[in-house]
2 protein chains.
Amino acid sequence: MSSSEQQTSAPVPSVWARPRRQKEQPALSQEQIVAAAVRLLDAEGIEALSMRRLGTEMGTAATSLYRHVANKDELIELVVDEVYGELELPETTGPDGWREALAHSGHSLRGMVLRHPWVASVLGQVGLAHLGPNLMRMSERMLGMALAAGFPKAEADLAMKAVMSYVLGASTSEASYLSLLARSGRSETEWLESLVPASQQALADHPLTQDHATAWQGKDPGLLREEIFDYGLQRILDGLATRLDRS
Amino acid sequence: MSSSEQQTSAPVPSVWARPRRQKEQPALSQEQIVAAAVRLLDAEGIEALSMRRLGTEMGTAATSLYRHVANKDELIELVVDEVYGELELPETTGPDGWREALAHSGHSLRGMVLRHPWVASVLGQVGLAHLGPNLMRMSERMLGMALAAGFPKAEADLAMKAVMSYVLGASTSEASYLSLLARSGRSETEWLESLVPASQQALADHPLTQDHATAWQGKDPGLLREEIFDYGLQRILDGLATRLDRS
DNA sequence: GCATCATGCGTACAGCGTGCGCAGCCAGGT
DNA sequence: ACCTGGCTGCGCACGCTGTACGCATGATGC
């Protein structure tokens, strides 16, 4: 009986109100969804990514996305592999450049994580186990570098994993620190200075821990972080080099 | 009119139905909440941790927890620092045992992460930046080891960070792999064998990547993972050792 | 011109974190 | 002995989440 009454926000059956897609874009596709998700994540971080929000961002309904993506977890896998695609991974050549090649790959991976700090919050769920094409490309290339360096087949895999583990560990720590920083709204130097009183207290109980705010004062924090990263990377490469010399 | 009608599950105003706490435990406290959260996380993983669920697990209402914990994020910080408390961190002694001490700490940290695989999903949000007492204790001890090894003050910090980054990167990768495995319900060997067809395909495009299922066949996967971890750890320690020799 | 199919979307459900205000208990002052 | 003020647990409510389902609409093949 009341079925034909006007319902809340019922589309008036007028020619003028015809749904008429207003997007010129070729509609929806998995690549576009992934791209939009990366854009949203870069701009507002992991907490801002919801299917509804991503929908409105693309001018569609949330549930429409599910035609091209099985669920949110799958979307995240896709998004992670997408950013792995940004890596600069030198083609392997001779047995000479392996050290520079691995170092360059490491810095490239770190750069990617710092450009997309949200990957840090997500790597723990996705891990290195999801086998996306770009991640496989990275493994392949780095394995090639290790082989070119002269490692026997079985050990090359171990060497590559060692480098990747270090780089990922260092980069995710750094990214989560930077995310925290971003949420605080302050600049990095301001932030460090605001920590001084707290660390004074902490240092009382922990005499060895150094007060970086004073120890490194005056240095550009960004450069400093890069030096810290490179120090560890070089130590691993040193370790691999001595291992090579021994055979 | 209908206001005095019996509502769903209204407490009958009878002496016998008096609320009367049935818990013998000294009620609610922050330590108990943290302990219960760790128990729940260990048993069912990160997805199972909700304030409501944790409430029912403790026999109280969800919102009661907020008297002792500011919000879920803070609870997670507390929980992470709690498990850092399990680490075995040798007291520093002389300049001889530094390598074993660092290696032991590394394996201890890895063991903790594998016992509590959910920390992997959470480290990206919390990072190393939350300054909990147990995390500070770890930094302090490991810095002590680096100083005992003979590193100058400024470099000891870099050395310690290098080791920790590697260990965390390797352990979180491993933990997220194991979580994935656990969700699949299969045993590790079954899982690896089920991957064989997929990796055959992948190997076609990536000739260098080795097929571990065949390459390491027959070995206990758990031991294998530990060897992989130790290989990288030893390479870092090698790198630090050569750095020490040079001065 | 008609049938088939892929696509977008409205509605709905169960679950989430958490702000708010009330109710009961315990300690301390009179 | 009584009152009082604060601490604690909790019911309710709000706005948000991921996503299953079924309908409508436009494109495509015969």
Side-chain angles (χ1 to χ4, degrees), chain A residues 3 6-15 17-33 36-37 40-41 44-79 122 125, chain B residues 3 6-15 17-33 36-37 40-41 44-79 122 125:
Chain A
S3 64
Q6 66 168 24
Q7 308 192 343
T8 65
S9 83
V12 192
S14 147
V15 217
R18 192 61 64 66
R20 207 171 243 310
R21 180 112 26 279
Q22 75 269 27
K23 282 255 147 195
E24 318 305 313
Q25 319 295 1
L28 232 44
S29 75
Q30 181 166 291
E31 293 90 40
Q32 291 191 7
I33 294 177
L40 179 55
L41 284 165
E44 309 196 29
I46 189 73
E47 294 151 6
L49 180 69
S50 76
M51 300 303 275
R52 285 170 158 86
R53 177 71 197 281
L54 184 57
T56 62
E57 213 75 20
M58 303 188 68
T60 81
T63 54
S64 307
L65 307 173
Y66 284 88
R67 293 281 175 198
H68 305 93
V69 158
N71 48 41
K72 194 181 179 181
D73 285 354
E74 183 183 298
L75 173 62
I76 286 182
E77 286 187 22
L78 291 170
V79 152
V122 138
Q125 302 165 41
Chain B
S3 63
Q6 66 168 21
Q7 307 190 342
T8 65
S9 82
V12 190
S14 147
V15 217
R18 193 61 62 69
R20 208 173 243 308
R21 181 118 19 278
Q22 74 270 27
K23 285 248 140 199
E24 318 304 313
Q25 318 296 1
L28 233 45
S29 76
Q30 181 165 293
E31 294 90 40
Q32 290 191 7
I33 293 176
L40 179 55
L41 284 166
E44 308 196 29
I46 189 73
E47 296 150 4
L49 180 69
S50 77
M51 300 304 276
R52 286 169 156 88
R53 177 71 196 280
L54 183 57
T56 62
E57 212 74 19
M58 302 188 68
T60 81
T63 53
S64 307
L65 307 173
Y66 284 86
R67 293 280 175 200
H68 306 93
V69 158
N71 49 40
K72 193 182 179 179
D73 285 354
E74 184 184 297
L75 173 61
I76 286 183
E77 286 188 21
L78 291 170
V79 153
V122 138
Q125 303 165 41

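Here is the naming used below: chain letters follow the sequence lines, and residue numbers restart at 1 for every chain. Owing to the predicted nature of the structure, the values given are computational and were not obtained by experimental measurement. Values below: every heavy atom of this structure, side chains too, minus hydrogens, waters and symmetry copies.
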Requested in this report: Applying side chain to side chain contact (heavy atoms under 4.5 Å, CB included), run through B:Q125 and A:I46 and close with a yes or a no.
Outcome: CA-CA 10 Å; B:Q125 303 165 41; A:I46 189 73; 5.9 Å; no
**Report entry** A:Q32 vs A:H68, side chain to side chain contact (heavy atoms under 4.5 Å, CB included): CA-CA, chis, key distance, verdict
**Finding:** CA-CA 10 Å; A:Q32 291 191 7; A:H68 305 93; over 6 Å; no
Requested in this report: Flag yes if more than 12 heavy atoms outside A:E47 fall under 6.0 Å of its CD atom; otherwise flag no.
Outcome: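 Count not over threshold, so no.
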List the atom of [X], the atom of [Y], and the distance in Å for their closest heavy-atom pair.
X	Y	answer
A:L28	A:M58	CD1-CE, 3.8 Å
A:S50	A:K72	CA-NZ, 4.4 Å
A:A48	A:L40	O-CD2, 3.8 Å

Query - D:dG9 OP1/OP2 closer than 4.0 Å to side-chain N/O of B:T60 - result: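 B:T60 to D:dG9 OP1/OP2: no side-chain N or O under 4.0 Å.
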Report task. Counting heavy atoms from C-beta on, name the nucleotide in C:dT18, C:dC22, D:dT19 closest to the side chain of B:R67. Result ->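 Nearest listed nucleotide: C:dC22.
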Nearest-Å distance, [atom1] ([X]) to [atom2] ([N])?
X	N	atom1	atom2	result
B:L28	C:dC26	CG	P	16 Å
A:L54	C:dC9	CG	P	13 Å
B:I33	C:dT18	CD1	C1'	14 Å
A:Y66	C:dC9	OH	C1'	14 Å

Between N or O atoms, less than 3.5 Å apart, protein on one side and nucleotides 14-16 of chain C on the other: list the pairs.
{"unit_1": "C:dC16", "atom_1": "OP1", "unit_2": "B:S50", "atom_2": "OG", "d": "3.0"}

Query raised in the report: Bend across the helix from C:dG1-D:dC30 to C:dT30-D:dA1, to 10°, with axes taken over 5 pairs at each end?
Result: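 Helix axis angle between the two ends: 0°.
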Query raised in the report: Mapping A:H68 and B:D73 to their closest nucleotides on DNA chain C, which lands nearer the 5' end?
Result: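 Between the two, 5'-proximity favours A:H68.
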Query raised in the report: Could you go step by step and tell me if B:L49 and B:R53 meet the side chain to side chain contact (heavy atoms under 4.5 Å, CB included) rule?
Result: CA-CA 7 Å; B:L49 180 69; B:R53 177 71 196 280; over 6 Å; no
Requested in this report: Give the intermediate values and the outcome of side chain to side chain contact (heavy atoms under 4.5 Å, CB included) for residues A:L65 and A:L75.
Outcome: CA-CA 10 Å; A:L65 307 173; A:L75 173 62; over 6 Å; no
Requested in this report: Remember a base hit wins even if backbone is also touched, and classify B:T63 as base, sugar-phosphate or nothing at under 4.0 Å, heavy atoms.
Outcome: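 Base contact - B:T63 has a heavy atom under 4.0 Å of at least one base atom.
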Query raised in the report: Hey, are the side chains of B:Q30 and B:L78 touching, using non-hydrogen atoms and a 4.5 Å cut-off?
Result: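 Sidechains of B:L78 and B:Q30: in contact.
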